[in-house]
Amino acid sequence: RAIALSGEIGACDKLIVEGRVSAELHRCRDLEVTRTGRFDGNLTARRVLVRASARMSGKIRYGEITLEPGAKIRADIAPLEPDVLEEEPS
């Protein structure tokens, strides 16, 4: 059975996406989209890891991003400004 989540997440320490997430996700420290995962929406995260065959779309702002070969990205992607990186999630 597939896992699906939709909504807004104000802040998180670590989120691992194994199913489908459609969300506004702000101030996340670590986001990992697994091989079976899909993230659609707006994301602001310090570290992003997108595994092979994972999918992402939307608007992505990141401090560090790692894309494994085979990851599928269709997004507006840009690095975070240094002052945003200094803010800690609450």
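Treat the numbers as computed from the prediction; the structure is a model and nothing was measured.
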*State the OG-CZ distance between Ser57 and Arg38, to the nearest 0.5 angstrom.*
5.5 Å
*Honestly curious: do Leu5 and Ile60 fall in one hydrophobic cluster under the side-chain, below-4.5 Å linking rule?*
yes
*Are Thr66 and Val50 close enough that some pair of their side-chain heavy atoms sits under 4.5 Å apart?*
no
_Give me the atom names and distance for the closest heavy-atom approach of Ser53 to Arg35._
OG-O, 2.9 Å
*asked:* Please determine whether a side-chain nitrogen of the Lys or Arg among Arg61 and Asp76 lies less than 4.0 Å from a carboxylate oxygen of the Asp or Glu.
replied: yes
*asked:* When you group the ILVMFWY residues by side-chain heavy-atom contacts below 4.5 Å and let the links chain together, are Leu67 and Leu49 in the same group?
replied: no
*What distance separates Thr44 OG1 from Leu31 CG, expressed to the nearest 0.5 Å?*
11.0 Å
_I need the Phe39 CZ to Leu15 CG distance, nearest 0.5 Å._
8.0 Å
_Residues Arg46 and Asp30 bridged, charged N to O under 4.0 Å_ = no
*List the steps, then state whether side chain to side chain contact (heavy atoms under 4.5 Å, CB included) holds for Val33 with Arg51.*
CA-CA 6 Å; Val33 185; Arg51 299 284 184 186; over 6 Å; no
*If you draw a 6.0 Å radius around CZ in Arg55, do more than 12 non-hydrogen atoms from other residues or ligands fall strictly inside?*
no
*Side chain of Thr34, backbone of Val17: donor and acceptor closer than 3.5 Å?*
yes
*asked:* Test side chain to side chain contact (heavy atoms under 4.5 Å, CB included) on Asn42 and Leu25; report intermediate values, then the result.
replied: CA-CA 6 Å; Asn42 295 331; Leu25 177 54; over 6 Å; no
*Near Lys72 NZ, under 6.0 Å, is it more than 12 heavy atoms from other residues, nucleotides or ligands?*
yes
*Do you know the tightest heavy-atom contact between Leu80 and Gly63?*
CD1-N, 3.9 Å
*Report yes or no: does Glu68 contribute a side-chain atom to a donor-acceptor pair with the main-chain N or O of Ala52 at less than 3.5 Å?*
yes
*For Glu18, does its backbone N or O pair with a side-chain atom of Thr36 as donor and acceptor, under 3.5 Å?*
yes
_Quick check for you: to the nearest 0.5 Å, what is the distance between Arg20 atom CZ and Asp40 atom CG?_
4.5 Å
*Transitively linked via ILVMFWY side-chain contacts under 4.5 Å: Ile77 with Met56?*
yes
